[in-house]
Amino acid sequence: MMDCKEFEKLIPDFIARKLDYPALRRFCGHVGRCEACREELNIQFLVTEGVQRLEDGRAFDFQAELAQRMEEAGRSIRFHSAFLYLGIAMEIVAAGLLAGIVIWILL
C-alpha cells in the first residue's frame with residue numbers, strides 16, 4: 001500500500017507517463033482512496049501541463065485531460081493484469097501437463 005509521501009513523489013512520473021506497472025497500480029489505487037492526494041495531483045497536473053500549453057499557445061481543459069490520463073492508466077493496468085493472469089494460467093496448465101507426463105511415465 002502506498003502512503004501520501006510516496007504518492008507525491010510519483011506524481012511527476014505519472015504526468016510524464018513514466019510509471020511502471022506496479023507503481024502505476026499502487027498510484028491509481030491510492031488516488032482513488034485519498035482526497036488530499038487527488039487534489040495534489042490536480043494541482044501538479046494543472047501547473048505542469050498548463051504552463052506547457054500556455055507556452056505553446058494551445059487550449060487546455062485540465063479536468064478532461066487529467067481524466068483521460070487516469071483512464072489511460074486504468075487501461076494500462078487492466079492490460080498488464082490480463083497478461084499476468086494469462087501467465088499464471090499458462091504456468092498452471094504447464095505444471096498439470098508436466099505432472100501428467102511424470103505420472104504417465106511412472107505407471
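Every heavy atom of this structure was used, including side-chain atoms; hydrogens, water molecules and symmetry mates were not. Just so you know, residue 1 is the first one in the sequence shown, and it goes up from there. Because the structure is a prediction, the values reported are computed rather than measured.
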Chemist: How long is the straight-line distance from CG of L41 back to CG of L66, given to the nearest 0.5 Å?
Modeler: 5.0 Å
Chemist: Just jot down the side-chain hydrogen bond (donor to acceptor under 3.5 Å, both in side chains) partners of Q68, sequence neighbours excluded, or say none.
Modeler: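 Per chain and number, Q68 pairs via side-chain hydrogen bond (donor to acceptor under 3.5 Å, both in side chains) with no residue.
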Chemist: Report the residues that fulfil side-chain hydrogen bond (donor to acceptor under 3.5 Å, both in side chains) with R69, sequence neighbours left out, ordered by chain and then residue number.
Modeler: none
Chemist: Output all residues satisfying side chain to side chain contact (heavy atoms under 4.5 Å, CB included) with E91, sequence neighbours left out; order by chain, then residue number.
Modeler: none
Chemist: Looking at every heavy atom in both I15 and E49, which two are closest together, and how far apart are they?
Modeler: CG2-OE2, 3.6 Å
Chemist: Find out whether E72 and R17 are in side-chain contact, i.e. whether some heavy atom of one side chain is under 4.5 Å from a heavy atom of the other.
Modeler: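 Heavy-atom side-chain distance check passes, below 4.5 Å.
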Chemist: Identify every side-chain donor-acceptor pair in residues 78-89 under 3.5 Å, counting partners at least two apart or on other chains, and give the distances.
Modeler:
from, atom 1, to, atom 2, distance (Å)
R78, NH1, G74, O, 3.4
H80, ND1, S76, O, 2.8
S81, OG, Y21, OH, 2.8
S81, OG, I77, O, 2.9

Chemist: Please list all pairs meeting salt bridge (charged side-chain N to carboxylate O under 4.0 Å, His left out) that have one or both residues in residues 33-45, counting only residues at least two apart or in different chains.
Modeler: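 Every salt bridge (charged side-chain N to carboxylate O under 4.0 Å, His left out) pair that includes a residue of residues 33-45, provided the two are not neighbours, is E35-R38.
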Chemist: Table please: side-chain donor-acceptor pairs of residues 2-14 below 3.5 Å, with sequence neighbours left out.
Modeler:
from, atom 1, to, atom 2, distance (Å)
D3, OD1, K5, N, 3.4
D3, OD1, E6, N, 2.8
E6, OE2, R26, NH2, 2.5

